[in-house]
Undergrad: 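Please read through the structure below; I'll follow up with questions.
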Amino acid sequence: RYKIFALDTPGYGFSDPIKNSKKNISDFAVLINQIISSLGIEKFILYGNHTGASIAIEYGKLFPGKLQGLILESLPIFFQNEVKGILKNFFSPLIIKQDGSHLTSIWSKVEDQNIWFPWYERSNKQMHHWPHAKRVEMHEYVMDFIRAGNFYKNAYSAAFKYNSFLTAKKLSVPTKFISVKSDVLYSHKARLPKLKKNQELIVIDDFTKRMKTIDYCINSFSKINIKK
């Protein structure tokens, strides 16, 4: 019914980091547009989750004419007083040690990150309440962290500092905001500005219905395009 392109955020997975990046969200959005243009795609639906949602909404601000719609799951909307502590404590530098102890340290951090947000605040209030990651999933996350190295912080720190509230307030693109009850950013849905007529907030109580909800969003934008 439709074709999906899943792009690595530059500097993550097996992609190179952005050269001469100012480490802001617009750098990532502009590069995505270059990729979309090189693929010859004229109009499409853009989905993003967490940091990816920050990049996607910035894309919607910069290139609204290219989008049929935006699907933003768990869009981060941070207050300034929250950001200061996160930027100071969230990003542990990757220091390679002769005895290999950095590997167990990374594994421990990734495991903590799967349980708490931010990972260094280990309290019930900060728990994700996600199903605990399987060993294979943990391994893949650890490998992603190692591959990214000290570039790991680039997109995440940009998302923490990004004013997504202001962008959402001015956004003209048809948008579906998805908020999952078990997600650590579930409370951020209350930080959204007043929704416009072409925007909708969808709350998911049951995580198993997440993919069905995303499919509904895609189909709703496709119908809008057919009508036009």
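Since the structure is predicted, the reported quantities are computational estimates derived from the model, not experimental observations.
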Undergrad: Examine distances only and state if a side-chain atom of Gln126 and a backbone atom of Ser123 form a donor-acceptor pair shorter than 3.5 Å.
TA: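 Not confirmed, Gln126 side chain does not pair with Ser123 backbone.
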
Undergrad: Donor-acceptor pair, Ser37 side chain versus Asn33 backbone, under 3.5 Å?
TA: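 Judged by distance alone, yes, a pair lies under 3.5 Å.
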
Undergrad: Tell me if a side-chain donor or acceptor on His128 pairs with a main-chain N or O of Gln113 at a distance below 3.5 Å.
TA: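 Such a contact is found between His128 side chain and Gln113 backbone.
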
Undergrad: Would Leu7 and Ile32 count as a side-chain contact (heavy atoms from CB on, under 4.5 Å) if you check the C-alpha gap in whole Å, the side-chain angles of each, and the deciding distance to 0.1 Å?
TA: CA-CA 8 Å; Leu7 307 179; Ile32 285 175; 4.3 Å; yes

Undergrad: Could Glu137 and Lys134 be called an ion pair, given the rule that one side-chain N must be under 4.0 Å from one carboxylate O?
TA: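 Salt bridge: no.
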
Undergrad: Can you confirm if the NZ or CZ of Arg147 lies within 45° of the ring axis of Tyr152 and under 6.0 Å from the centre of its six-membered ring?
TA: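 Here Arg147 fails the 6.0 Å and 45° test against Tyr152.
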
Undergrad: Evaluate the side-chain proximity of Phe177 to Ile202: yes if any heavy-atom separation is below 4.5 Å, no if none is.
TA: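 When only atoms from C-beta onward are counted, Phe177 and Ile202 do not touch, as no gap falls below 4.5 Å.
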
Undergrad: Are more than 12 heavy atoms from other residues, nucleotides or ligands located less than 6.0 Å from atom NZ of Lys23?
TA: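 12 or below, so no.
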
Undergrad: Is there a path from Phe44 to Ile4 through hydrophobic residues (I, L, V, M, F, W, Y) whose side chains come within less than 4.5 Å of each other?
TA: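 No; tracing contacts between hydrophobic side chains, which count when under 4.5 Å, never links both residues.
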
Undergrad: Is Leu171 close to Gln199 at the side-chain level, that is, under 4.5 Å between some pair of heavy atoms?
TA: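 Sidechains of Leu171 and Gln199: in contact.
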
Undergrad: Can you confirm if the NZ or CZ of Lys109 lies within 45° of the ring axis of Phe90 and under 6.0 Å from the centre of its six-membered ring?
TA: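 Verdict for Phe90: a cation-pi partner in Lys109.
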
Undergrad: Would you say the side chain of His139 lies within less than 4.5 Å of the side chain of Tyr141, judging by non-hydrogen atoms?
TA: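 The answer is no, as the side chains (C-beta and beyond) never meet within the 4.5 Å cut-off.
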
Undergrad: Can you give me the closest heavy-atom contact between Thr51 and Pro76, atom names plus distance?
TA: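 In this case the closest contact between Thr51 and Pro76 is N-CG, 4.4 Å.
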
Undergrad: Side-chain contact test, heavy atoms from C-beta onward, threshold under 4.5 Å: evaluate it for Leu62 versus Ser26 and give yes or no.
TA: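 Yes - at least one pair of side-chain heavy atoms lies under 4.5 Å apart.
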
Undergrad: For Asp8 and Pro10, indicate whether the former's side chain and the latter's backbone hold a donor-acceptor pair under 3.5 Å.
TA: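 No, the answer is negative, given that no donor and acceptor are paired below the 3.5 Å cut-off.
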
Undergrad: Taking all heavy atoms of Ala148 and all of Tyr12, pick out the closest pair and write down the distance.
TA: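 What the structure gives for the nearest pair is CB-CD2, 4.3 Å.
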
Undergrad: Other members of the hydrophobic cluster containing Trp116, with the 4.5 Å side-chain heavy-atom rule, please.
TA: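 Listed partners: Ile115, Met127.
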
Undergrad: Looking at every non-hydrogen atom in both residues, tell me the closest pair between Val142 and Trp107 and how far apart they are.
TA: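 Distance-wise, the nearest heavy atoms are CG2-CE3, 3.7 Å.
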
Undergrad: Strictly by salt bridge (charged side-chain N to carboxylate O under 4.0 Å, His left out), give each pair with a member in residues 193-205 just once, sequence neighbours left out.
TA: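 Pairs touching residues 193-205 that pass the test: Lys176-Glu200.
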
Undergrad: I'd like to know if the side chain of Asn49 reaches the main chain of Gly52, judged simply by a donor and an acceptor atom lying under 3.5 Å from each other, with no hydrogens or angles considered.
TA: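 No; judged by distance alone, with no hydrogens or angles, the pair does not exist.
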
Undergrad: Quick one: CD1 on Ile25 to OG on Ser54, what's the gap to the nearest 0.5 Å?
TA: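 Rounded to the nearest 0.5 Å, the CD1-OG separation comes to 5.0 Å.
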
Undergrad: State whether the side chain of Ser38 and the backbone N or O of Ile36 hold a donor-acceptor pair below 3.5 Å, judged by distance alone.
TA: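 A pair under 3.5 Å: no.
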
Undergrad: Can you check whether Ile55 reaches Thr9 side chain to side chain, under 4.5 Å on heavy atoms?
TA: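 Touching, per the 4.5 Å side-chain cut-off.
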
Undergrad: So does Lys212 pair up with Asp215, basic N to acidic O under 4.0 Å?
TA: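 Asp215 and Lys212: not salt-bridged.
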
Undergrad: Looking only at the side chains, is there a donor atom on one of Asn24 and Tyr162 sitting less than 3.5 Å from an acceptor on the other?
TA: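 No pair is found: no donor N or O on one side chain lies under 3.5 Å from an acceptor on the other.
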
Undergrad: Could you report the tightest heavy-atom contact between Ile41 and Phe5, atom names first, then the distance?
TA: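 Between these two residues, the closest heavy atoms are CD1-CE1, 3.8 Å.
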
Undergrad: Rounded at 0.5 Å granularity, tell me how far CD in Glu73 sits from SG in Cys217.
TA: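 Reported value, rounded in 0.5 Å steps: 9.5 Å.
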
Undergrad: With the 4.5 Å side-chain cut-off for hydrophobic clustering, are Tyr120 and Phe145 part of the same group?
TA: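 Both belong to a single hydrophobic cluster.
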
Undergrad: Can you tell me how far the CG atom of Leu72 sits from the CG atom of Leu46, to the nearest 0.5 Å?
TA: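 Rounded to the nearest 0.5 Å, the CG-CG separation comes out at 7.5 Å.
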
Undergrad: Would you sort out whether Lys170 and Glu58 count as a salt bridge (charged side-chain N to carboxylate O under 4.0 Å, His left out), showing the intermediate values?
TA: CA-CA 11 Å; Lys170 297 180 178 180; Glu58 176 68 4; over 6 Å; no

Undergrad: Out of curiosity, Lys189 NZ to Asp183 CG, how far, rounded to the nearest 0.5 Å?
TA: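 Lys189 NZ to Asp183 CG: 11.0 Å, rounded to 0.5 Å.
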
Undergrad: Do Phe91 and Phe160 have side chains that get closer than 4.5 Å, going by heavy atoms?
TA: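 Yes; the side chains approach each other to less than 4.5 Å.
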
Undergrad: Hey, does Leu70 have a side-chain heavy atom less than 4.5 Å from the side chain of Pro174?
TA: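 Side-chain contact under 4.5 Å: no.
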
Undergrad: Is any side-chain heavy atom of Glu111 closer than 4.5 Å to one of His132?
TA: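 Answer yes - side chains close enough.
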
Undergrad: If you take all heavy atoms of Leu201 and Leu195, which pair is closest and at what distance?
TA: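 Distance-wise, the nearest heavy atoms are N-CD1, 3.6 Å.
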
Undergrad: Assess whether side-chain contact (heavy atoms from CB on, under 4.5 Å) is satisfied between Ile18 and Phe151, documenting all intermediate values.
TA: CA-CA 9 Å; Ile18 301 174; Phe151 291 107; over 6 Å; no

Undergrad: Test of understanding: clusters of I, L, V, M, F, W, Y form through side-chain heavy atoms closer than 4.5 Å, transitively. Do Tyr216 and Tyr47 belong to the same one?
TA: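 No.
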
Undergrad: If you compare all heavy atoms of Thr104 against all heavy atoms of Ser101, which two are closest, and at what distance to 0.1 Å?
TA: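 Closest pair (atom of Thr104, atom of Ser101, distance): OG1-O, 2.9 Å.
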
Undergrad: In sequence, state the C-alpha distance, the side-chain angles, and the governing distance for Leu67 and Phe221, and then conclude on side-chain contact (heavy atoms from CB on, under 4.5 Å).
TA: CA-CA 10 Å; Leu67 294 175; Phe221 290 136; over 6 Å; no

Undergrad: Can you tell me how the ring of Phe78 sits relative to the ring of His188, calling it parallel under 30°, perpendicular over 60° and tilted otherwise?
TA: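 Rings of Phe78 and His188: perpendicular, over 60°.
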
Undergrad: Say you draw a straight line from NZ of Lys3 to CG of Leu39; how long is it, rounded to the nearest 0.5 Å?
TA: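 Answer for the NZ-CG pair, Lys3 versus Leu39, is 9.5 Å.
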
Undergrad: Quick one: pull up CD1 in Ile178 and CD1 in Ile214 and give me the separation to the nearest 0.5 Å.
TA: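 Rounded to the nearest 0.5 Å, the CD1-CD1 separation comes to 5.0 Å.
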
Undergrad: Start with the C-alpha gap between Lys181 and Ile204, add the side-chain angles, then the distance that decides, and say whether side-chain contact (heavy atoms from CB on, under 4.5 Å) holds.
TA: CA-CA 6 Å; Lys181 196 170 184 179; Ile204 301 175; over 6 Å; no

Undergrad: Any side-chain to backbone donor/acceptor pair from Ser105 onto His102? Under 3.5 Å, distance only.
TA: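 No; judged by distance alone, with no hydrogens or angles, the pair does not exist.
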
Undergrad: Do Val184 and Tyr156 share a hydrophobic cluster, counting only Ile, Leu, Val, Met, Phe, Trp and Tyr and linking them when any side-chain heavy atoms are less than 4.5 Å apart?
TA: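 Yes, because Val184 and Tyr156 connect within a single hydrophobic cluster, where side-chain heavy atoms sit under 4.5 Å apart.
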
Undergrad: Any link between Val83 and Leu166 through a network of hydrophobic side chains (Ile, Leu, Val, Met, Phe, Trp, Tyr) touching at under 4.5 Å?
TA: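 No.
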
